[in-house]
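Here is the structure we will look at, set down as structure tokens.
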Amino acid sequence: MPTVVFHKAGHSYTDVVQDNANLVVRAGIKRFPYPHLRYECGMGKCAKCACRVLAGAEHLPPPNWKEKKQLGERLDQGYRLACQLWLTADIELAQDDGEA
């Protein structure tokens, strides 16, 4: 089961999630990383859930077309859409208040 380390506003939150978990789905049902994760549509249309991957990117699939459209050059800076990621390995993410 993957361990998720989530950084936001100078705080770090850690929890273990089930294999193949999606953090936006979990937040939507008020489970970790709720209430810390900022998200909105959950469908890759708004990019509110954009997070910078600090560790574990090598275990993620390549960005899909929604991520490419919404994030553009930010993909090169390590950003991904949390709503599009189904986690199967440990990951460390950061979401800053100024990101949108």
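Atom set for the values below is all heavy atoms of this structure, side chains included, hydrogens, waters and symmetry mates excluded.
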Greater than 12 external heavy atoms within 6.0 Å of E73's CD: no

Non-hydrogen atoms of N20 and W86 that approach each other most closely: O-CE3, 3.1 Å

Min side-chain heavy-atom separation L81-K48 under 4.5 Å: no

Least distance between heavy atoms, P2 atom then L87 atom: CG-O, 3.8 Å

K66 side-chain N/O to M43 backbone N/O, donor-acceptor pair under 3.5 Å: yes

Candidate list I91, N22, V4, test side chain to side chain contact (heavy atoms under 4.5 Å, CB included), partner V17, passing option: V4

Non-hydrogen side-chain atoms of L85 and L23 separated by less than 4.5 Å: no

Step-by-step side chain to side chain contact (heavy atoms under 4.5 Å, CB included) determination, E92 to H7: CA-CA 8 Å; E92 185 172 359; H7 302 278; 2.5 Å; yes

Minimum heavy-atom distance Q95-A50, with the two atoms named: NE2-O, 3.4 Å

For the student: nearest non-hydrogen atoms of M1 and D90, plus distance: O-OD1, 4.2 Å

Which atom of G44 lies closest to which atom of Q84, heavy atoms considered: N-NE2, 3.5 Å

Contact summary for K45 and Q70, nearest pair of heavy atoms: O-NE2, 3.1 Å

Residue pairs involving residues 30-73 (criterion ring-ring contact (aromatic ring centres under 6.0 Å, His included); sequence neighbours excluded): Y13-H36

Cationic N near anionic O, under 4.0 Å, R31 to D15: no

